[in-house]
Amino acid sequence: MAEPFYITTPIYYVNARPHLGHAYTTIAADVVRRFHRMSTDQTFFLTGTDEHGDKIVRAAKKENCTPREYVDKISGLFQNLWPELNISNDAFIRTTNPAHMAVVERILQRIYDAGDIYFSEYEGLYCFGCERFYTERELVDGCCPDHQTPPETIKESNYFFKMSRYQQWLIDHIEQHPDFIRPERYKNEVLAFLRDPLGDLCISRPKSRLQWGITLPFDSDYVTYVWFDALLNYVSALGYPDGDLYKTYWPVAQHIVAKDILKPHGIYWPIMLKAAGLPIYQHLNVHGYWNVDQSKMSKSIGNVIEPLEMKNIYGLDAFRFFLMRDMAFGLDSNFSEEALVQRINADLANDLGNLFSRVIAMVHKYFGGVVPEPDPAVEKEMDLGLEHNARAAIDAYAVAMEAFAFHKGLAAVWEFITHMNKYVDVTAPWNLAKNKAARKQLETVMYNLLEGLRIISGLIYPVMPDTAATMQKHLGMSGTDDFFKLEKLCAWRGLTPGVKLRKSISLFPRVDLDKKRQPAEPPVEVAKTAKPIKPEITIDDFAKIDLRVATVVSAQPVPRAKKLLQLEVDLGETRTIVSGIAADYAPEALVGKQVIVVANLKPAKLMGVLSKGMLIAATDAAGVTVATLDKPVTPGTPLS
RNA sequence: GGCGAUGUAGCUCAGUUGGUCAGAGCAUGCGGCUCAUAUCCGCAGCGUCCGGGGUUCAAAUCCCUGCAUCGCCA
């Protein structure tokens with residue numbers, strides 16, 4: 001029996017709602033966890049939410065609720081999403097959980113007692129509006145980018161974690177365990193970072209400016225810095241230090257993270273573990289970003305694809321398959337509906353779905369739906385090596401999946417599916433069926449094909465658990481919940497002759513994007529990608545927004561900004577407005593156009609340019625479209 | 001500004017230590033089959049392997065340089 005397996009996702013910071021990135025990470029974790037179930041019964045899968053820190057306090061303030069109410073709400077969104085994506089996590093941890101907080105205190109105390117935490121004073125640029133420090137670099141013209149006020153230099157005392165003491169140890173550890181951080185590119189990135197002296201990590205925040213956190217056990221005037229708090233979830237969730245789960249699973253821990261949090265996981269975390277005297281995790285598995293329709297996914301651009309949308313339109317398993325098949329784990333990938341549909345049609349509908357359907361249909365046609373008995377002598381005589389192909393696919397698949405190369409694992413399965421289709425072509429059962437003397441051959445051929453489908457159903461289980469179960473059912477294997485065990489897949493002749501099969505079905509319907517778009521009544525398209533409607537407002541609420549017609553007088557790109565245009569508009573008075581439409585509008589194309597402006601929006605500095613108001617525009621998959629008027633209107637006219 | 005990654009067929013990408021390495025899948029064209037979700041099987045075309053220079057008998061593969069994109073750091 002293989003050793004136990006423990007996989008974690010990061011605990012997601014609850015200052016934003018779940019998006020595709022969260023879904024990918026969590027599905028990937030679910031896939032590896034299910035993959036390991038194929039060889040061991042001892043697996044544990046943890047996800048959760050990270051709920052402390054000043055960003056949470058500010059987000060809560062914005063929504064007029066307490067931090068507690070706020071984190072409960074957002075954490076709930078994550079917890080509710082996972083079942084819909086068929087995520088099989090065993091536990092869901094929250095950093096506001098008292099048991100977690102106790103573990104954080106305990107480990108802080110332990111490191112403190114060991115002498116790796118010291119108290120020190122430092123000076124920094126602080127914006128009282130934002131309640132945070134800024135580096136010189138982050139300032140715009142020496143001012144806070146949010147408040148346009150100069151930050152003040154203040155002195156603050158804090159606790160620091162002596163990471164520098166462990167720098168060489170960490171370098172050695174990474175070099176002695178070449179796949180500690182994988183893929184290799186991220187290992188190299190961490191090592192590159194470690195070539196420079198490692199600074200100590202500030203691990204506290206004075207309560208005078210932040211209360212939402214875990215109080216330091218050795219100084220009640222401070223709370224713990226969020227990363228220090230958050231990383232410990234991986235052990236607290238297992239019941240560190242005495243829990244059975246901890247004893248079983250911590251020694252085999254593996255993490256999955258996106259590349260943006262490589263540093264905390266690749267540097268802070270192993271050093272924290274070392275300093276606290278805990279075993280170091282086994283592997284850090286780092287993946288890239290999903291770019292949406294070529295442009296970087298970003299909340300501010302508003303092109304975040306709701307994972308549930310695609311799932312609802314094309315089916316959950318197809319969605320999971322696409323995410324796992326199209327991204328080379330570690331690299332960035334593009335997410336587009338076209339790519340998704342192409343995968344569905346080519347791989348799922350044509351290759352697998354059609355294979356399944358044609359094989360089952362033939363069993364019905366030639367054997368009344370009863371699994372035939374294969375003949376060893378005939379098998380030997382025909383010698384077409386399907387069993388060998390299956391075995392080769394399983395081996396290649398297992399190696400790839402073990403190393404988080406999901407795309408390669410699935411490619412191996414699809415190579416076998418191609419062999420299966422070819423096998424149908426070569427053996428031509430419809431010809432064998434015409435010849436009574438070839439009955440035994442037909443029985444053997446059809447049995448082999450059913451066997452191949454059984455293997456396939458097992459191999460796709462981690463990525464497409466529902467489809468795997470459906471295939472099993474239609475292969476007459478219902479009732480067994482361990483059909484995906486590797487040892488079963490490796491044993492050819494697992495199907496029982498004589499079992500009556502259900503009617504053939506289409507596992508994956510083909511998608512015709514053109515047809516879908518031709519009659520494209522816009523409402524249908526819009527409804528498909530539209531975000532949920534915001535909560536109801538009154539006419540008075542609306543009246544607060546001063547929308548005006550404005551004529552664009554001039555337009556020019558903002559230096560060093562890819563998406564921004566600086567516009568001078570006439571709305572009775574002349575104003576400067578910065579708008580993120582450069583990707584879709586040439587400056588000269590805008591001059592003279594009448595646009596709609598939010599005239600009473602609080603001014604904001606974008607890339608150093610003060611923007612007094614905002615252009616109304618629509619953003620969809622095709623890009624940005626500026627809202628204009630039907631016919632000319634006097635500049636400055638209000639809209640209502 | 002410093003460091004690093006990437007740049008290969010229309011698209012997405014494989015190409016280990018330099019020598020059938022010019023590849024795969026999708027898309028396109030043609031042919032075949034008819035069990036099947038107009039699916040499957042076979043064949044074919046397309047590439048100055050980012051530009052330039054160098055090392056070598058031999059470079060997509062090593063070195064230098066330029067360009068582009070991206071990332072990390074300051």
Walk me through whether A:Met401 and A:Val31 qualify under side chain to side chain contact (heavy atoms under 4.5 Å, CB included).
CA-CA 9 Å; A:Met401 296 296 282; A:Val31 167; 3.7 Å; yes

Steps toward side chain to side chain contact (heavy atoms under 4.5 Å, CB included) verdict (A:Val226, A:Tyr13)
CA-CA 10 Å; A:Val226 281; A:Tyr13 204 53; 4.3 Å; yes

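Taking the six-membered ring where tryptophan is involved, the planes of A:His265 and A:Tyr234 are tilted, since the angle between them lies from 30° to 60°. In this structure, A:Tyr166 and A:Trp169 have perpendicular ring planes: the angle between them is above 60°, well past the 30° mark.
Between A:Glu338 atom CD and B:U12 atom C1' the separation is 14 Å, expressed in whole Å. Across the protein-nucleic acid pair, A:Asp326 atom CG and B:C11 atom C1' stand 11 Å apart, rounded to whole Å. Between the P atom of B:C26 and the CD1 atom of A:Ile417 lies a distance of 12 Å, rounded to the nearest Å. Distance CZ (A:Phe508) to P (B:C40): 14 Å, rounded to an integer number of Å. Taking atom NZ on A:Lys434 and atom P on B:C33, their separation rounds to 11 Å, with Å as the unit. When the C1' atom of B:G32 is taken as reference, atom CG of A:Asn431 falls 13 Å away, rounded to whole Å. For A:Phe321 and B:C26, the CZ to P distance is 12 Å, given to the nearest whole Å. At whole-Å resolution of the value, CD1 in A:Ile360 and C1' in B:A36 are 12 Å apart.
Comparing B:C40, B:C33, B:U37 by their closest approach to the side chain of A:Arg358 singles out B:C40. Of the listed nucleotides (B:C26, B:C73, B:U37), B:C26 has the atom at the smallest distance from the side chain of A:Ala346. For A:Lys259, the side-chain atoms get nearest to B:G71 when compared with the rest of B:U39, B:U37, B:G71. The listed nucleotides are B:C41, B:C35, B:C72; the one nearest the side chain of A:Asp425 is B:C41.
Nucleic acid contact class of A:Ser504 (heavy atoms, under 4.0 Å, all strands): none. Among the protein residues, A:Leu331 comes within range of the sugar-phosphate backbone only, with heavy atoms under 4.0 Å from sugar or phosphate atoms but none that close to a base.
Map A:His419 and A:Leu348 each onto its nearest nucleotide of RNA chain B; the residue landing nearer the 5' end is A:Leu348. Residue-to-nucleotide proximity on RNA chain B shows that, of A:Lys422 and A:Arg510, the 5′-proximal contact is made by A:Arg510.
For the P atom pair drawn from B:G31 and B:G23, the interatomic distance equals 26 Å after rounding to whole Å. The same atom, P, is picked in B:G66 and in B:C73; the two are 25 Å apart, to the nearest Å. Comparing the C1' positions of B:C50 and B:C43 gives an interatomic distance of 32 Å, to the nearest angstrom. A distance of about 29 Å separates the C1' atoms of B:A22 and B:G32, rounded to the whole Å. The C1' atoms of B:A27 and B:U20 are separated by 28 Å, rounded to the nearest whole Å. Atom name P, nucleotides B:A60 and B:G18: the rounded distance is 13 Å, in whole Å. When the C1' atom is compared between B:U69 and B:U8, the two are found 16 Å apart, to the nearest whole Å. If you take atom C1' in B:G53 and the same atom in B:A14, they sit 29 Å apart, rounded to whole Å.
Searching all strands for a Watson-Crick or G-U wobble partner of B:A60 with both distances below 3.5 Å returns nothing. In this structure B:A24 sits in a base pair with B:U12, meeting the Watson-Crick or G-U test at under 3.5 Å. Under the Watson-Crick or G-U wobble criterion, with both distances below 3.5 Å, B:C46 has no partner in any strand shown. For B:U39, there is no paired nucleotide, since no Watson-Crick or G-U wobble pair has both relevant distances below 3.5 Å. Base pairing of B:U55 is not made with any nucleotide, judged by Watson-Crick or G-U wobble geometry with both donor-acceptor distances under 3.5 Å. Using N1 to N3 plus N6-O4 or O6-N4 for Watson-Crick, or N1-O2 and O6-N3 for G-U wobble, each under 3.5 Å, B:A68 pairs with B:U6.
Remark: aromatic rings of A:Trp269 and A:Phe180 are distant, center separation not under 6.0 Å. Here A:Phe322 and A:Phe335 bring their ring centres to under 6.0 angstrom of each other. Between A:Phe404 and A:Phe406, a ring centre-to-centre spacing shorter than 6.0 Å is recorded.
Using modelled atom types, one finds a donor on one side chain and an acceptor on the other under 3.5 Å when comparing A:Ser164 with A:Asp200. Side-chain contact of A:Tyr281 with A:Thr8: a donor-acceptor pair under 3.5 Å is absent, judged by distance alone. Side chains of A:Thr25 and A:His287: a donor-acceptor N/O pair is present below 3.5 angstrom, by distance only.
Contact annotation: A:Lys408 side-chain N/O to B:A14 OP1/OP2 distance is not under 4.0 Å. Within the 4.0 Å cut-off from OP1 or OP2 of B:U39, not a single side-chain nitrogen or oxygen of A:Asn421 is found.
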Write down the protein N/O and nucleotide N/O pairs, taken from nucleotides 2-10 of chain B, whose separation is under 3.5 Å; answer none if there are no such pairs.
unit_1	atom_1	unit_2	atom_2	d
B:A5	O2'	A:Arg185	NH2	3.2

